[in-house]
Amino acid sequence: MVTAHSQNTLFDYGFTRASHIVVYQGDDTLAQPWTGGMNSVFFSPIDLNLDGVNDLVAFEKHGNRILPFLLQNGHYHYAPQYVHRFPDLHDWAFCKDFDGDGRHDLFTYGLAGIRVFRNTSADSLSFSLVTDQLPAWYYNGYVNLYASPNDYLVADDIDGDGHMDILNFWVLGKYVHFLRNHATAPGSFDLRLEESCWGHFEEADDNNAITLFTDCGDKSDDEPQRHSGSSLLWLDVDGDGTHDLLVGDMDSPHLIFLHNGGSDSDAHMDYQDTLFPSNAPVHLYSMPAPALVQLDGEPHPSLLISPSDPSLTKSQDIQSVWRYDFDTLLQQYTLTQKDFLQGEMLDMGSGCRPVLYDWDGDGLPDLFLANYGQFDSARIVNGFLTSDFSSSIRYYHNVGSSALPVFQLEDDDFGHLRQEGYHALHPTFGDVDGDGLTDMLCGNEDGTLLWIPRLRIDSGEGIITSHYKDIDVGEYSTPQLFDLDMDGRADLLIGNRRGLISHYRNIGICGIMDFERITDTLGQVDVRDYDLSYFGHSVPCFYRDPQRGTVLFCGCEQGQVRYYTHIDDNLDGAFTLSEFSLAETIAGEAKRIREGIRSGVAIGLLDGDNLPDLLVGNYAGGVSLFLGSVPMPHGSGITILSETDIILYPNPTSGIVHCTSTLPQNDISSLELYDLSGRCLLQSNQQTLDLSAVANGLYILIVNHQVRVKIIKQ
């Protein structure tokens with residue numbers, strides 16, 4: 001449980017995001033290495049700094065991250081200061097100006113439907129919730145306009161009357177529905193089913209095959225069920241004045257172009273190109289989602305295409321952001337880049353776990369980046385897509401100084417492990433066999449440890465010892481060698497998929513490591529959020545602070561960095577979760593650090609100011625850098641709450657529920673409703689939430705991303 005603090009109390013540590021630390025990768029200097037990586041992104045234009053020029057925002061599906069980019073001097077620069085100006089978004093999100101005021105609004109997935117936020121920016125970027133669900137008239141009355149968490153639908157003015165309409169697949173349906181907006185007032189919605197077979201085509205039940213000239217029937221209940229997952233983009237490809245359609249599909253790497261031989265509102269698709277565009281077809285596993293964006297002075301909008309499969313183990317993750325510019329001579333889209341913006345970042349593919357260790361003994365911490373894996377290939381097995389990944393470790397040598405680190409890529413397959421086919425490698429370093437040379441121990445997906453001796457690291461000829469000491473912590477072992485009991489020997493602390501930490505005490509002699517298991521629940525640390533997941537994916541990083549003693553920074557499944565104290569002289573007791581997660585300083589306010597999902601963390605002294613610096617990796621394959629700074633006071637942007645601080649009424653409720661705090665500032669800024677399977681159903685940045693649309697039952701309400709309270713709808 002999170003404890004309330006005095007307003008005069010400082011956070012133990014301060015962190016400020018940094019971008020100036022140089023990273024060399026081969027012959028290139030990465031332009032913005034600390035952006036956090038990309039796997040499955042969808043781009044939209046938006047004016048972030050209100051200068052009248054559209055910038056760019058990307059929504060990363062693998063972790064529900066927002067990545068804002070300012071357009072400056074013809075280039076897009078990562079601008080994380082705008083992240084916290086967006087509401088919490090999940091599953092999919094894009095920007096569209098639905099009310100005609102020239103400002104891009106937000107559309108995102110809601111409760112089996114579409115959630116809409118209006119852009120209310122005046123002096124700074126801001127949004128307000130319009131609706132948690134868009135209703136639409138279907139046959140006999142208004143119901144929730146269905147949207148899948150796995151689909152990218154079309155929100156645009158299909159019939160040209162100045163109001164925003166919707167194209168989407170109905171529930172597990174094969175046909176595209178046209179929901180026409182009959183509203184008369186600008187910026188309002190009165191959506192009604194206009195056409196249940198827009199375009200007169202259908203998708204196959206179990207693949208991406210499309211049949212043209214189909215009589216779909218008139219009722220949604222006539223539609224046979226099909227697999228869920230498609231992306232749609234409405235655009236005029238051939239310049240004939242009529243909009244066509246691009247379709248991506250689950251488990252397929254291709255985009256299909258459907259030519260519209262009818263009109264926009266009465267579409268008739270008359271031919272298809274299954275490998276679009278023909279000069280350089282899209283090939284991105286899985287379910288490529290195209291976005292049409294006017295980029296950096298280009299005369300025509302460009303296509304930005306990235307996978308949108310929700311699975312964490314299917315999507316292409318390196319070179320997974322393809323850019324197509326329109327060639328006016330050829331009159332077609334031409335592939336110009338496969339790693340748009342992504343190529344400027346540190347990006348390990350799927351998953352990134354940073355580790356700091358002075359490998360060459362020059363007194364400067366070097367950087368190691370490990371991953372779950374990098375996409376290698378894909379194949380269909382028994383009708384389902386199966387993708388292959390291989391894990392590896394990169395070594396970046398610190399060639400800078402104690403005041404200004406500079407990281408140079410020295411080895412992109414440290415220890416020669418990529419060919420071995422491991423998943424989720426996680427390294428730690430020490431002299432395992434007492435020969436005076438530093439070896440490497442690696443955790444991996446099966447929960448055991450690998451011992452990679454120095455000979456293997458230096459020459460590739462040594463033998464990898466699997467199942468080292470028969471240690472097995474379940475799945476996804478994340479080891480750290482650290483002298484926890486301060487007896488002069490490095491102990492072994494290991495996180496795992498369950499979210500716990502195992503403690504193996506070093507009882508070796510003569511410098512040769514040997515371990516005895518002490519506990520599998522060290523400090524009673526458990527980073528699982530039971531309301532959201534059965535797994536925790538703990539990634540421990542113990543750190544000995546000269547003033548505070550031993551502390552623990554721990555990555556987790558939900559993406560925060562958990563911080564624990566009261567460790568010294570308390571190894572048999574419960575460590576104290578001092579903060580639910582740490583904070584960074586943005587414009588004089590403390591903001592929560594959450595860089596996606598499955599965070600990995602490294603702590604060290606990088607810039608010579610004796611303030612610990614923080615590296616946070618995430619599942620999108622990248623890493624963010626936070627340099628140590630003066631700690632912020634509690635209450636400067638974040639109010640720390642406990643369950644006893646929350647007043648929730650009425651509970652049970654039949655609809656509206658109110659949430660307030662007993663603290664004087666009553667700073668309730670976020671409410672999120674989750675069902676017991678971990679699905680976010682409703683969100684609000686107000687102190688009220690309307691549960692009218694959810695079924696009766698037990699739910700979890702999360703207040704300010706901190707406190708979980710049970711609530712009953714009846």
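A side-chain N or O of Thr550 and one of Asp568 form a donor-acceptor pair less than 3.5 Å apart. Judged by distance alone, the side chains of Tyr476 and Glu445 do bring a donor and an acceptor atom under 3.5 Å apart. No donor-acceptor contact under 3.5 angstrom links the side chains of Thr576 and Ser578, judged on distance only. Between Thr448 and Asp446, the side chains place a donor N or O and an acceptor N or O closer than 3.5 Å (distance only, hydrogens not considered). For the 3.5 Å distance criterion, the side chains of Glu595 and Ser624 qualify, holding a donor opposite an acceptor. No side-chain N or O of Asn618 forms a donor-acceptor pair with one of Ser599 less than 3.5 Å apart. Between the side chains of Arg379 and Thr386, no donor-acceptor pair of N or O atoms lies under 3.5 Å. With hydrogens and angles left out, the side-chain atoms of Ser392 and Asp413 include no donor and acceptor closer than 3.5 Å. Inspection of the Ser306 and Ser40 side chains reveals no N or O donor paired with an N or O acceptor under 3.5 Å.
Taking the six-membered ring where the residue is Trp, the centroids of His90 and Tyr109 are separated by under 6.0 Å. Aromatic rings from Phe542 and Phe553 are positioned such that their centres are separated by 6.0 Å or more. Proximity of the aromatic rings of Tyr24 and Tyr396 is defined here by a centroid distance below 6.0 angstrom, and this criterion is not met. Side-chain rings of Tyr395 and Phe368 approach one another, their centers coming within less than 6.0 Å.
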Item to complete: Kindly determine whether Arg548 and Asp12 satisfy salt bridge (Lys or Arg N to Asp or Glu O under 4.0 Å), including the steps that lead there.
Response: CA-CA 9 Å; Arg548 302 184 182 278; Asp12 287 357; 3.4 Å; yes
Item to complete: Go through the steps to decide whether Asp433 and Arg454 satisfy the test salt bridge (Lys or Arg N to Asp or Glu O under 4.0 Å), and finish with yes or no.
Response: CA-CA 10 Å; Asp433 54 3; Arg454 185 60 175 260; over 6 Å; no
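Ser320 and Pro307 get closest at one heavy-atom pair: O-CD, 3.3 Å.
Considering Val551, Val527, Ile501 in turn, Val527 is the only one that fulfils the side-chain contact (heavy atoms from CB on, under 4.5 Å) rule with Tyr564. Tested against Leu367, the residues Leu409, Leu356, Asn398, Leu625 include a single side-chain contact (heavy atoms from CB on, under 4.5 Å) partner, Leu356. Screening Phe482, Phe429, Phe414 for a ring-ring contact (aromatic ring centres under 6.0 Å, His included) involving Tyr357 leaves a single residue, Phe429.
Trp34 contributes no side-chain N or O that, together with a main-chain N or O of Phe626, makes up a donor-acceptor pair within less than 3.5 Å. Looking only at distances, a side-chain donor or acceptor of Asp491 sits under 3.5 Å from a matching main-chain atom of Leu484.
Between Asp526 and Arg498, no side-chain nitrogen of the basic residue sits less than 4.0 Å from a carboxylate oxygen of the acidic one, so the salt-bridge criterion is not met. We find that Glu420 and Arg456 are joined by a salt bridge, their nearest charged nitrogen and carboxylate oxygen being less than 4.0 Å apart. A salt bridge links Asp251 with Lys314: the closest approach of a Lys/Arg side-chain nitrogen to an acidic carboxylate oxygen falls below 4.0 angstrom. Here Asp483 does not pair with Arg489 in a salt bridge; the nearest charged N to carboxylate O distance is not below 4.0 Å. The pair Glu584-Arg17 meets the salt-bridge criterion, with a side-chain N (NZ, NE, NH1 or NH2) lying under 4.0 Å from an Asp/Glu carboxylate O. A salt bridge links Asp485 with Arg505: the distance from a Lys NZ or Arg NE/NH1/NH2 to an Asp or Glu carboxylate oxygen falls below 4.0 Å.
The cationic atom of Arg497 (NZ for Lys, CZ for Arg) lies less than 6.0 Å from the six-membered ring centre of Phe535 and within 45° of the ring axis. Judged by the 6.0 Å distance and 45° axis criteria, Arg65 is not positioned over the aromatic ring of Tyr619.
At a threshold of 4.5 Å between non-hydrogen side-chain atoms, the residues Tyr699 and Leu681 count as touching. Side-chain contact between Gln374 and Asp317: present, with at least one pair of heavy atoms (C-beta onward) separated by less than 4.5 Å. Put simply, the side chain of Thr428 does not reach to within 4.5 Å of the side chain of Val355, judged on heavy atoms. Taking 4.5 Å as the limit, every side-chain heavy atom of His426 sits out of range of all side-chain heavy atoms of Asn444. Side-chain contact between Asn39 and Ser350 is present, with heavy atoms from C-beta onward closer than 4.5 Å.
For Asp569, the CG atom sits in a loose shell: 12 or fewer heavy atoms of surrounding residues, nucleotides or ligands are nearer than 6.0 Å.
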